[in-house]
Amino acid sequence: MLYTQHTQQWGNGTGIRLPKKVLQAAGWQDNQTVSINLHGSSITLTPVKSTKRQLPTLEQLLEGATPEKVAGQWDWGADRGNEIIRD
């Protein structure tokens with residue numbers, strides 16, 4: 001794939017837009033973190049693998065949960081103070 005783009009001033013920096021087809025072909029996503037390497041007058045962008053831990057889904061959290069395994073209700077006593085709901 002060969003594309004030609006122009007650099008543009010963005011605030012105090014300079015940016016370049018990457019075509020959607022190029023990003024999709026490279027397997028990149030929106031807001032992808034990249035490392036920037038300078039080799040003479042060439043710039044190389046490389047995606048950085050996220051070290052952020054993926055949070056489990058509700059289905060994963062409840063996997064294997066059955067009524068027999070789930071504890072019953074807790075009795076914390078009578079409502080007091082602001083816990084009391086008046087009509």
Side-chain angles (χ1 to χ4, degrees):
M1 258 184 229
L2 179 62
Y3 287 90
T4 303
Q5 294 290 101
H6 294 280
T7 58
Q8 297 174 332
Q9 178 148 1
W10 289 355
N12 290 330
T14 300
I16 186 167
R17 292 177 184 248
L18 301 174
K20 185 176 183 178
K21 288 181 181 181
V22 172
L23 295 176
Q24 287 176 336
W28 285 23
Q29 301 172 0
D30 287 341
N31 298 314
Q32 176 80 48
T33 302
V34 297
S35 66
I36 304 169
N37 296 305
L38 179 62
H39 305 281
S41 63
S42 296
I43 299 171
T44 305
L45 304 176
T46 307
V48 175
K49 291 191 178 180
S50 176
T51 58
K52 188 192 263 188
R53 188 173 60 98
Q54 182 80 20
L55 295 176
T57 64
L58 180 60
E59 289 78 18
Q60 292 169 331
L61 289 172
L62 296 176
E63 189 174 301
T66 63
E68 296 80 31
K69 292 182 181 178
V70 177
Q73 295 180 356
W74 290 76
D75 184 3
W76 296 97
D79 292 340
R80 291 189 269 171
N82 290 333
E83 297 173 346
I84 299 172
I85 300 173
R86 295 182 176 88
D87 291 328

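Basis for what follows: all heavy atoms, side chains included, without hydrogens, waters or symmetry-related copies.
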Visitor: Are more than 12 heavy atoms, taken from residues, nucleotides or ligands other than Trp10, located less than 6.0 Å from that residue's CH2 atom?
Guide: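 Counting other residues, nucleotides and ligands, CH2 of Trp10 exceeds 12 neighbours.
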Visitor: Would you check if the side chain of Gln5 reaches a backbone N or O of Ile16 as a donor-acceptor pair within less than 3.5 Å?
Guide: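 Not a single qualifying donor-acceptor pair exists.
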Visitor: Taking everything shown except Leu38 itself, do over 12 heavy atoms lie less than 6.0 Å from its CG?
Guide: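 More than 12 within 6.0 Å, yes.
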Visitor: If every non-hydrogen atom of Leu61 is compared with every non-hydrogen atom of Pro56, which pair is closest and at what distance?
Guide: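 Closest approach of Leu61 to Pro56, heavy atoms only: CD2-CG, 3.7 Å.
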Visitor: Measure the CD-NZ distance between Gln32 and Lys49 for me, rounded to the nearest 0.5 Å.
Guide: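 Interatomic distance, Gln32 CD to Lys49 NZ, rounded to 0.5 Å: 11.0 Å.
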Visitor: Count the heavy atoms of every other residue, nucleotide or ligand shown that sit under 6.0 Å from CD of Glu83, and state whether that count exceeds 12.
Guide: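 Buried by this count: over 12 neighbours within 6.0 Å.
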Visitor: Restricting to non-hydrogen atoms, name the atom on Ala25 and the atom on Met1 that form the minimum distance, rounded to 0.1 Å.
Guide: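 Smallest interatomic distance, heavy atoms only, reads CB-CE, 3.7 Å.
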Visitor: Let me check something: do Val48 and Leu18 share a hydrophobic cluster, defined by ILVMFWY side-chain heavy atoms less than 4.5 Å apart, either directly or through other members?
Guide: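 Result: no, two separate clusters.
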Visitor: Measuring only between side-chain heavy atoms, which start at C-beta, is Thr44 closer than 4.5 Å to Ser42?
Guide: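 A side-chain contact is absent here, since even the closest heavy-atom pair is not under 4.5 Å.
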Visitor: Measure the CD-OG1 distance between Gln60 and Thr57 for me, rounded to the nearest 0.5 Å.
Guide: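 Output value for this atom pair is 3.5 Å.
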Visitor: Are the side chains of Ile36 and Leu45 in contact, using a 4.5 Å heavy-atom criterion?
Guide: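 A side-chain contact exists here, since the closest heavy-atom pair is under 4.5 Å.
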Visitor: Backbone N or O of Gly11 within a donor-acceptor pair of the Gln9 side chain at under 3.5 Å?
Guide: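 Here the side-chain-to-backbone pair exists.
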Visitor: When you look at CD of Glu63, are more than 12 heavy atoms from neighbouring residues, nucleotides or ligands closer to it than 6.0 Å?
Guide: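 Counting other residues, nucleotides and ligands, CD of Glu63 stays at 12 neighbours or fewer.
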